[in-house]
Asks: 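Following this message is one structure expressed as structure tokens.
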Amino acid sequence: MENFEFNNPVKIFFGKGQIIQLQNQIASSQRIMLTYGGGSIFRNGVYDKVKSALAEYTLVEFGGIEPNPTHETCMKAVDLIRSEGIDFILAVGGGSVIDASKYIAAAVFQEDPWQILTGAAEIRQALPLGTVLTLPATGTEMNANSVISRKDTDEKLAFSSPEVMPRFSILDPESAASLPQKQVANGIVDSFVHVIEQYLTYPAGAPLQDRMAEAILTTLIEEGPKVYANPADYDAMANLMWCSTMALNGLISRGVHEDWVIHQIGHELTAFHGIDHARTLAIVLPGVWNVFRTEKKEKLLQYGRRVLNIESQAEDQAIDQIIAKTIAFFEGLGISTRLSAYGVPADTIQKIVDRFNSRGWLAIGDRGMTTPEKVREILTTRL
Ligand code: NZQ
Ligand code: ZN
């Protein structure tokens with residue numbers, strides 16, 4: 001096992017009725033900016049619950065944060081924070097609203113905030129923030145990450161800083177009961193692939209981390225179809241919500257090797273074609289496993305045995321079956337796994353290869369195996 005450091009200070013309030021906790025978590029003297037997306041919080045009652053919990057507070061609202069939140073929208077919130085003298089951000093929504101709020105919280109203290117995404121600016125300070133999660137998927141409610149897009153350059157980049165970790169997150173499965181099936185499917189697949197990116201590399205002599213990862217994968221396979229069939233099934237939604245938080249709160253990656261190339265390639269598909277984040281992952285994952293089937297063999301077979309119950313047979317045959325069964329899991333949730341299903345033309349592959357080259361991403365991920373030419377190979381298998 002590799003050496004590691006672990007510190008996750010995000011306080012979690014989980015379960016029915018927990019939104020009321022807001023009034024115990026934010027000092028009444030704070031001027032709060034409430035951030036939200038396109039309006040789902042008004043239709044499902046979450047806004048009313050937040051307002052009644054914070055009836056005695058000064059709230060300034062900032063709505064209209066779009067899925068795959070943009071730098072351009074976030075800069076409008078930064079202006080509002082400066083003019084209103086805001087000292088706390090409360091993000092109410094899914095990953096996009098929370099990620100945007102993290103970026104806004106840090107951007108207030110930067111001259112050229114986009115440099116946070118390029119890696120040129122260091123985050124020394126951020127406004128405190130808390131979250132009310134309405135879509136289990138990204139794990140952002142309990143991690144230091146944020147992913148921001150830029151309209152004028154078609155870019156989508158991530159940053160990470162302990163300064164933007166939420167002070168608290170409220171996870172009430174009832175807040176997610178109104179999700180359309182499509183977003184539930186996205187949440188299941190995004191959480192699943194988060195675990196894969198931290199698990200499916202090569203053995204690190206860390207059986208506890210392996211078994212925690214396998215427990216999340218198994219639970220997603222068992223509970224996912226139930227919550228997909230009925231997002232108002234409280235118990236199934238509670239299980240999905242806790243799985244997605246546990247999938248990316250830093251715990252399962254301690255002491256092991258990570259990859260993240262499925263995400264890095266997937267972000268480019270969203271940047272160029274606007275495909276939902278989770279769907280890009282479902283497209284790319286089978287390509288990565290096919291191309292690196294020898295290098296990732298040990299963990300692929302372990303996952304096959306322990307999670308999919310695929311017992312010993314010729315290795316290559318077992319790996320084919322593992323890939324096919326994983327694709328069937330995604331497709332059973334209504335998620336297509338081919339580029340053609342999303343109308344992505346073959347020339348997008350060259351554009352993505354060029355981007356990897358121009359960013360200097362020449363040997364990334366698991367053992368530095370993913371070169372721009374491997375990216376071409378991976379995507380070509382997914383046409
Ligand atoms: O905007 P509103 O009206 O709220 O509607 C949203 C949006 O249209 C809707 N929604 C959310 N909660 C709902 C609801 N509709 C009905 N009932 C509810 N309870 O769902 C739509 C999608 O929301 P969004 O926040 O975009 O989805 P998600 O949570 O999947 O977040 C995706 C973003 O997170 C990033 C992705 O790249 C993408 O930009 N990620 C962030 C990560 C992180 N910070 O750690 C890791 C992930 O790998 C991911 O990259
Ligand atoms: Zn993801």
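Indexing begins at 1, ligand by ligand and atom by atom, following the structure's order. Scope of the values below: all heavy atoms of this structure, side chains included, with no hydrogens, waters or symmetry mates.
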Asks: Taking atom types as modelled and ignoring hydrogens, do the side chains of Y199 and S253 form a donor-acceptor contact shorter than 3.5 angstrom?
Replies: no
Asks: Write down, by chain and number, every protein residue that brings a non-hydrogen atom to less than 4.0 Å from an atom of ligand 1.
Replies: G37, G38, G39, S40, N44, P67, N68, P69, G94, G95, S96, D99, T134, L135, A137, T138, T140, N143, N145, S146, V147, K156, S175, A176, S178, L179, P180, Q183, D190, H194, L248, H263, H267, H277
Asks: Using 30° and 60° as the class boundaries, would you call the ring planes of Y103 and F159 parallel, tilted or perpendicular?
Replies: tilted
Asks: Salt bridge or not between E268 and R355? Use side-chain N to carboxylate O under 4.0 Å.
Replies: yes
Asks: Nearest 0.5 angstrom please: T280 OG1 to I265 CD1, how far?
Replies: 10.0 Å
Asks: Given salt bridge (Lys or Arg N to Asp or Glu O under 4.0 Å), test E331 with R338 step by step and report yes or no.
Replies: CA-CA 10 Å; E331 295 198 338; R338 288 270 172 200; over 6 Å; no
Asks: May I ask you to check whether H273 and Y342 place their ring centres under 6.0 Å from each other?
Replies: no
Asks: With a 4.0 Å cut-off on N to O distance, would you call K296 and E298 a salt bridge?
Replies: no
Asks: Check the angle between the aromatic planes of H257 and Y202 and answer parallel, tilted or perpendicular using the 30° and 60° thresholds.
Replies: parallel
Asks: Please give me the protein atoms (N, O or S only) lying under 2.8 Å from the Zn ion (ligand 2), ordered by chain and number.
Replies: D190 OD1, H194 NE2, H263 NE2, H277 NE2
Asks: For a quick check under 3.5 Å, do Q209 and Q198 share a side-chain donor-acceptor pair by atom type?
Replies: no
